[in-house]
Peer 1: 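Questions regarding the structure given below will be posed in turn.
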Protein chains: 2
Amino acid sequence: MSMAMSMVTRKITTTKIDFMNKSEVKVIGILERVGGFASAQELYQLLQRNGESIGLTTVYRSLQSLVSDKIVDQLRREDGEAIYRLCGDSHHHHLVCKQCGSTVEIEGSAIERWTKAMAEEHGFREVGHTAEIFGICPKC
Amino acid sequence: MSMAMSMVTRKITTTKIDFMNKSEVKVIGILERVGGFASAQELYQLLQRNGESIGLTTVYRSLQSLVSDKIVDQLRREDGEAIYRLCGDSHHHHLVCKQCGSTVEIEGSAIERWTKAMAEEHGFREVGHTAEIFGICPKC
DNA sequence: TGCGAAAATGAAAATCATTTTCATTTCTGA
DNA sequence: TCAGAAATGAAAATGATTTTCATTTTCGCA
């Protein structure tokens with residue numbers, strides 16, 4: 001399966017594509033190939049090896065844009081480097097292994113309720129939240 | 001209560017103290033005052049303001065050492081900066097206004113339980129978590 | 001008590017991911 | 001076709017963290 005093909009697939013299954021430029025499409029393409037988390041630097045290297053013409057700056061910019069459009073998830077490795085992956089559409093949280101970096105998507109309805117309760121108690125509006133759990137997975 | 005006093009308290013209530021040098025004791029002292037998470041840079045500033053003579057390099061080294069001795073917890077802010085706190089501190093979370101930046105400390109026992117439950121369900125050990133709520137405060 | 005090895009210290013330089021700047025190129029719509 | 005807007009990327013800047021290395025302090029022991 002070519003990357004071009006997967007891009008076409010995405011094109012007809014999302015509406016977001018209309019707001020994406022070439023670079024963002026390239027980044028999505030490589031993220032699809034990777035099929036998990038990768039850092040900006042890694043994605044840049046992979047794109048280079050694939051013969052894509054794209055600068056590191058543009059990779060960073062595209063990722064930022066995709067993250068703020070909720071198309072890509074961003075979290076942090078233990079060394080602080082940001083890692084990215086295509087996100088599923090449902091809102092979820094992550095259980096991340098500090099050792100090997102493997103992640104499990106977890107359910108967070110308790111968090112949603114906590115957020116609402118706390119926001120209400122303090123009169124906050126338009127609330128969102130972040131929540132991640134870090135630990136050491138069974139394998140490690 | 002002076003910091004010196006709290007250090008003495010710690011001295012007689014832990015065994016780890018025997019393996020600590022002066023700098024590590026200073027760092028622990030300031031972490032006790034902070035009572036929650038702080039970055040290395042922040043801790044360094046606080047120590048300076050307290051008139052302690054300690055270099056930034058040493059703050060980093062002490063923190064590394066304390067982390068590897070399991071005396072201090074390390075996690076990452078969303079921007080990738082490392083933050084530290086004394087292990088076993090009961091910690092709190094923040095309700096942050098997107099507009100004016102004001103923050104309210106909130107209780108998070110629901111989160112603690114959620115963390116434990118999720119970790120257990122997936123067999124994770126040594127878990128920590130981050131959780132913040134963002135919204136617009138009553139004033140804004 | 002004094003000596004020498006080992007540990008601790010911190011200033012400065014190095015590292016490395018990420019962001020900013022800015023000049024150039026590409027796109028777009030009238 | 002043309003002007004303004006958006007995109008691009010090389011190079012410089014930034015900022016946290018680590019490394020280097022020369023100096024100081026601590027500590028065991030003769």
Side-chain angles (χ1 to χ4, degrees), chain A residues 7 11 16-31 34 37-69 71-85 96 98 101 130 134, chain B residues 7 11 16-31 34 37-69 71-85 130:
Chain A
M7 281 188 276
K11 196 167 213 160
K16 298 278 184 177
I17 193 72
D18 299 329
F19 309 130
M20 286 181 206
N21 59 35
K22 283 181 182 173
S23 297
E24 288 166 14
V25 172
K26 283 181 191 168
V27 169
I28 287 182
I30 200 70
L31 278 170
V34 168
F37 282 107
S39 71
Q41 305 277 350
E42 288 163 356
L43 293 170
Y44 170 68
Q45 309 259 1
L46 288 169
L47 284 162
Q48 297 285 298
R49 270 183 235 141
N50 269 7
E52 293 286 352
S53 163
I54 188 172
L56 180 57
T57 307
T58 304
V59 172
Y60 274 105
R61 255 191 304 243
S62 300
L63 286 169
Q64 281 180 330
S65 165
L66 293 168
V67 166
S68 74
D69 285 350
I71 294 164
V72 163
D73 268 345
Q74 173 183 26
L75 32 111
R76 297 269 163 190
R77 287 213 185 112
E78 202 172 355
D79 68 356
E81 194 173 355
I83 50 178
Y84 307 84
R85 75 163 171 196
V96 185
K98 289 194 266 197
T130 62
F134 301 88
Chain B
M7 277 188 282
K11 199 167 213 160
K16 298 277 185 178
I17 194 72
D18 299 329
F19 309 131
M20 285 181 210
N21 58 33
K22 284 183 183 173
S23 297
E24 288 166 15
V25 172
K26 284 180 191 170
V27 169
I28 287 183
I30 199 69
L31 278 170
V34 167
F37 281 108
S39 70
Q41 305 277 349
E42 288 163 357
L43 294 170
Y44 171 67
Q45 308 261 0
L46 288 169
L47 285 163
Q48 296 286 298
R49 268 183 235 140
N50 268 10
E52 293 286 355
S53 164
I54 188 171
L56 181 57
T57 307
T58 304
V59 171
Y60 274 105
R61 253 190 304 241
S62 301
L63 285 168
Q64 279 179 333
S65 164
L66 292 169
V67 166
S68 76
D69 286 350
I71 294 164
V72 164
D73 269 345
Q74 173 183 29
L75 344 150
R76 296 271 164 190
R77 287 216 182 108
E78 207 168 346
D79 68 357
E81 194 175 354
I83 51 180
Y84 307 86
R85 72 162 177 203
T130 63

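Letters A, B, ... are given to chains in the order of the sequence lines, protein chains preceding strands, and every chain is numbered from 1. Please read these numbers as outputs of a predicted model, since none were measured by experiment.
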Peer 1: Are more than 12 heavy atoms, taken from residues, nucleotides or ligands other than Glu78(B), located less than 6.0 Å from that residue's CD atom?
Peer 2: no

Peer 1: Within this structure, what is the CD-to-C1' distance between Glu52(B) and dT9(C), rounded to whole angstrom?
Peer 2: 15 Å

Peer 1: Show the distances under 3.5 angstrom between N or O atoms of the protein and N or O atoms of nucleotides 24-28 of chain C.
Peer 2:
{"unit_1": "dC27(C)", "atom_1": "OP1", "unit_2": "Lys22(A)", "atom_2": "NZ", "d": "3.0"}

Peer 1: Which residues pass the salt bridge (charged side-chain N to carboxylate O under 4.0 Å, His left out) test with Glu42(A), sequence neighbours left out?
Peer 2: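 Glu42(A) satisfies salt bridge (charged side-chain N to carboxylate O under 4.0 Å, His left out) with Arg77(A) once adjacent residues are dropped.
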
Peer 1: Asn21(B) side chain N/O closer than 4.0 Å to the phosphate oxygens (OP1, OP2) of dT9(C)?
Peer 2: yes

Peer 1: Is there a donor in the side chain of Gln41(A) and an acceptor in the side chain of Tyr60(A), or the other way round, less than 3.5 Å apart?
Peer 2: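 Yes - a donor-acceptor pair under 3.5 Å links their side chains.
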
Peer 1: At less than 4.0 Å, is any side-chain N or O atom of Ser23(A) found next to OP1 or OP2 of dT8(D)? Yes or no.
Peer 2: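 For dT8(D), OP1/OP2 do have a side-chain N/O of Ser23(A) under 4.0 Å.
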
Peer 1: Walk along nucleotides 14-20 of chain D from 5' to 3' and tag each nucleotide B, S or - by protein heavy-atom contact under 4.0 Å, base first, then sugar-phosphate.
Peer 2: --SBBB-

Peer 1: In whole angstrom, what separates Met20(A)'s CE from dT8(D)'s P?
Peer 2: 13 Å

Peer 1: Under 3.5 Å, is there a donor-acceptor pair between the side chain of Asp69(B) and the main chain of Ile71(B)?
Peer 2: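 Absent.
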
Peer 1: Could you report the tightest heavy-atom contact between Val59(B) and Val27(B), atom names first, then the distance?
Peer 2: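 Looks like CA-CG2, 4.5 Å.
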
Peer 1: Please classify the nucleic acid contact of Ser53(A) as base, sugar-phosphate, or nothing, using heavy-atom distances under 4.0 Å.
Peer 2: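 Sugar-phosphate contact only.
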
Peer 1: How long is the line joining CG of Asp79(B) and P of dT19(C), in whole Å?
Peer 2: 10 Å

Peer 1: What closest approach, in Å, do Lys26(A) and Leu47(A) show between heavy atoms, and which atom pair accounts for it?
Peer 2: O-CD2, 3.8 Å

Peer 1: Expressed as a whole number of angstroms, how long is the span from Tyr44(B):OH to dT9(C):P?
Peer 2: 14 Å

Peer 1: When you check the side-chain N and O atoms of Glu24(A) and Ser62(A), is any donor under 3.5 Å from an acceptor?
Peer 2: no

Peer 1: Can you find a side chain N or O atom of Thr58(B) that sits less than 4.0 Å from OP1 or OP2 on dG10(C)?
Peer 2: yes

Peer 1: Take the protein atom CZ of Arg77(A) and the nucleotide atom C1' of dT18(C), then report the distance between them rounded to whole Å.
Peer 2: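 Atom CZ in Arg77(A) sits about 15 Å away from atom C1' in dT18(C).
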
Peer 1: Take atom CD of Glu24(B) and atom C1' of dT9(C), then tell me their distance rounded to the nearest Å.
Peer 2: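 These atoms are roughly 12 Å apart.
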
Peer 1: If we check side chain to side chain donor-acceptor pair (under 3.5 Å) with Ser39(A), which of these qualifies: Arg76(A), Gln45(A), Glu81(A)?
Peer 2: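 It is Glu81(A); the other options fail the test.
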
Peer 1: Heavy atoms only: give me the nearest Tyr84(B)-Ala40(B) pair and the separation to one decimal.
Peer 2: CE1-N, 3.9 Å

